[in-house]
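The structure appears right after this line, and notes come after that.
Just so you know, ligand 1 is whichever comes first in the structure, and atom 1 is the first atom listed for that ligand.
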Amino acid sequence: MISAPERRVPSSELTPVLYRVVERRRETDDVVTLLLEPLDGERLSFRSGQFNMLSALGVGEVAISVSSSPHDSGPLRHTVRDVGAVTHALCSSDVGDVTGVRGPFGTDWGITGRPNSYDTVVVAGGIGLAPLRGAIEELVAARREDSGRVFVLVGAREPAQLVFLDDLAAWEEAGAVVRSTVDRPATGWSGRVGLVTRLLANAGFDALHCRVLMCGPEIMMRFTARALEELGVDPASVWVSLERNMQCGLGWCGHCQLGPLLLCRDGPVVNYLEASALMNERER
Ligand SMILES: Cc1cc2nc3c(=O)[nH]c(=O)nc-3n(C[C@H](O)[C@H](O)[C@H](O)COP(=O)(O)OP(=O)(O)OC[C@H]3O[C@@H](n4cnc5c(N)ncnc54)[C@H](O)[C@@H]3O)c2cc1C
Ligand code: FES
């Protein structure tokens with residue numbers, strides 16, 4: 001009799017490991033970055049684009065992307081937007097508070113350890129920059145003379161909702177092309193106004209030799225993918241990160257199902273060719 005291969009599930013996938021908040025940074029009115037260190041043992045390893053289930057003890061558990069780089073030996077970073085009970089409890093954590101971490105889960109942006117001669121275009125809407133932050137850090141750190149250029153194109157509803165302003169400046173300083181835009185300007189804003197799609201045509205990337213990593217509201221990703229295709233970008237070179245309700249994170253409960261995909265296992269990072277038909281099914 002042939003027995004099914006045994007899948008050994010690391011205990012950190014089933015049981016939250018306790019981490020302490022060692023730093024709390026306010027990014028915007030409703031977005032906070034938590035820097036976490038394990039109470040005992042080693043910090044977990046992950047790849048850019050993966051997520052953890054973070055628990056606010058006594059309140060609940062939610063999926064939050066890791067926003068640090070896998071090569072960063074410091075605390076684990078998660079950037080959380082306060083939208084409901086659990087994210088509110090997480091955003092209200094103080095330095096010294098304890099939170100549970102289960103993971104990492106899901107697919108990644110596919111860049112770790114892979115030099116690339118093509119340009120990489122990162123497109124983010126609002127807090128969609130959080131799941132991409134680690135990848136950008138990796139790409140910027142790994143840039144060599146013979147590697148492709150890195151483009152970071154960011155859109156937000158208002159200037160006050162732009163996250164990681166220090167990082168944007170540091171990436172530009174390190175050689176990335178960084179552009180940001182807002183839908184609605186505010187007093188004192190002298191930057192670009194308009195949707196993120198307006199940044200694409202003049203950014204200067206090689207549309208025929210690039211890969212695109214994208215995260216944001218699905219309507220923004222759809223319009224951006226369409227505009228990229230008009231510029232000549234192959235949809236098979238476009239990768240998106242999708243969000244759905246996550247519970248187990250292990251492909252067991254079905255809560256995160258999107259068509260044939262279980263997004264905790266087959267996502268969150270999915271090729272646009274596969275994602276596009278499914279994204280059209282529903283709008284968040
Ligand atoms: C793979 C993945 C990665 C994520 N990464 C991040 C991240 O880095 N930072 C971050 O702030 N959030 C992230 N999210 C979204 C986060 O999980 C939800 O905001 C959270 O579950 C809301 O829980 P809550 O109890 O605070 O609010 P709830 O009371 O559950 O929800 C409040 C509102 O948020 C909406 N909502 C709930 N879950 C989601 C979801 N998964 N996607 C979109 N809207 C949702 C609800 O419809 C409702 O309108 C991610 C989600 C997934 C699936
Ligand atoms: S969250 Fe349970 S199957 Fe994906």
Side-chain angles (χ1 to χ4, degrees), residues 7 9 13-14 16 24-36 46-69 76-93 99-109 122 124-137 154 156 161 163-164 167 213-221 239-270 275 278-279 281-284:
R7 187 186 167 226
V9 181
E13 290 189 7
L14 288 170
R24 175 183 189 275
R25 295 185 190 166
R26 178 156 288 287
E27 306 286 353
T28 71
D29 270 2
D30 59 356
V31 176
V32 164
T33 294
L34 299 175
L35 280 75
L36 305 173
F46 62 93
R47 298 185 304 279
S48 291
Q50 289 191 295
F51 69 96
N52 285 318
M53 296 300 294
L54 292 194
S55 37
L57 303 181
V59 185
E61 201 182 34
V62 286
I64 302 290
S65 304
V66 187
S67 57
S68 36
S69 159
L76 202 57
R77 231 179 232 256
H78 293 82
T79 302
V80 188
R81 179 149 169 240
D82 181 347
V83 295
V86 183
T87 48
H88 180 70
L90 288 170
C91 287
S92 310
S93 314
T99 183
V101 178
R102 213 158 56 81
F105 298 116
T107 53
D108 59 273
W109 292 112
V122 175
I127 197 181
L129 191 53
L132 287 158
R133 184 184 174 279
I136 302 168
E137 292 269 297
V154 177
Q161 287 176 350
V163 292
F164 307 148
D167 291 323
L213 317 180
M214 181 157 51
C215 186
E218 289 189 9
I219 190 160
M220 165 241 152
M221 294 200 280
W239 299 84
V240 295
S241 183
L242 300 178
E243 289 188 4
R244 290 295 182 271
N245 181 15
M246 303 270 174
Q247 303 263 315
C248 68
L250 290 159
W252 292 347
C253 72
H255 276 92
C256 64
Q257 181 161 10
L258 181 65
L261 306 179
L262 289 175
L263 281 180
C264 66
R265 185 192 64 193
D266 309 318
V269 179
V270 180
L278 303 170
M279 282 162 69
E281 280 177 18
R282 71 188 260 219
E283 193 74 55
R284 284 196 81 104

Tell me the nearest of Arg244, His88, Met53 to atom 41 (N) of ligand 1, using heavy-atom distances.
Arg244

Working note: Asp108 + Ser48, criterion side chain to side chain contact (heavy atoms under 4.5 Å, CB included); need CA distance, chi angles, decisive distance, verdict.
CA-CA 6 Å; Asp108 59 273; Ser48 291; 5.7 Å; no

Within 4.0 Å of some non-hydrogen atom of Val86, the atoms of ligand 1 are 24 (P), 25 (O), 26 (O)

Just go through Gly84, Gly49, Cys91 and tell me whose heavy atom is the nearest to atom 29 (O) of ligand 1.
Gly84

Can any side-chain N or O of Glu243 pair as donor or acceptor with the backbone N or O of Asn245 at less than 3.5 Å?
no

Please answer whether the main-chain N or O of Phe51 pairs with a side-chain N or O of Ser65 as donor and acceptor at a distance below 3.5 Å.
no

Examine the proximity of ligand 1 to Asp82 and report which part, side chain or backbone, both or neither, has a heavy atom under 4.0 Å away.
neither

May I have the step-by-step check of side chain to side chain contact (heavy atoms under 4.5 Å, CB included) for Leu57 and Thr99, ending in yes or no?
CA-CA 6 Å; Leu57 303 181; Thr99 183; 5.9 Å; no

Whether the side chain of Ser68 engages the backbone of Leu76 through a donor-acceptor N/O pair (distance < 3.5 Å, no angle test) should be reported.
no

Validation row: Val62, Thr87 side chains within 4.5 angstrom (heavy atoms):
yes

Ligand 1 contact by Ala85, heavy-atom criterion under 4.0 angstrom:
yes

Ligand-residue contact atoms, ligand 1 with Val62, heavy atoms, under 4.0 Å:
20 (C), 21 (O), 23 (O)

Passes side chain to side chain contact (heavy atoms under 4.5 Å, CB included), Arg102 versus Leu250? Steps please.
CA-CA 11 Å; Arg102 213 158 56 81; Leu250 290 159; 4.3 Å; yes

Within-cut-off N or O pair, Ala63 and ligand 1, under 3.5 Å:
yes

Does Arg24 reach the main-chain N or O of Val32 with its side chain, forming a donor-acceptor pair under 3.5 Å?
no

Taking distance alone, with no angle check, do Arg81 and ligand 1 share an N/O pair under 3.5 Å?
yes

I'd like to know if the side chain of Arg133 and the backbone of Ser67 have a donor-acceptor N/O pair within less than 3.5 Å.
yes

Logged contact type for Met246 with ligand 1, heavy-atom cut-off 4.0 Å, is side chain

Contacting atoms of ligand 1, where contact means under 4.0 angstrom from a heavy atom of Val80:
11 (O)

Single hit among Arg77, His78, Arg25, Glu27 for side chain to side chain donor-acceptor pair (under 3.5 Å) with Thr33:
Glu27

Are Leu129 and Ile136 close enough, and set up right, to give a side chain to side chain contact (heavy atoms under 4.5 Å, CB included), and what steps lead you there?
CA-CA 9 Å; Leu129 191 53; Ile136 302 168; 3.7 Å; yes

If waters are left out, how many protein N/O/S atoms lie within less than 2.8 Å of atom 2 (Fe) of ligand 2?
2

Look only at the side chain of Trp109 and the backbone of Ser241, and say whether a donor-acceptor pair between them is shorter than 3.5 Å.
no

Would you check whether Ile64 has a nitrogen or oxygen atom less than 3.5 angstrom from a nitrogen or oxygen atom of ligand 1?
no

When you look for heavy atoms under 4.0 Å from ligand 1, do you find them on the side chain of His78, its backbone, both, or neither?
neither

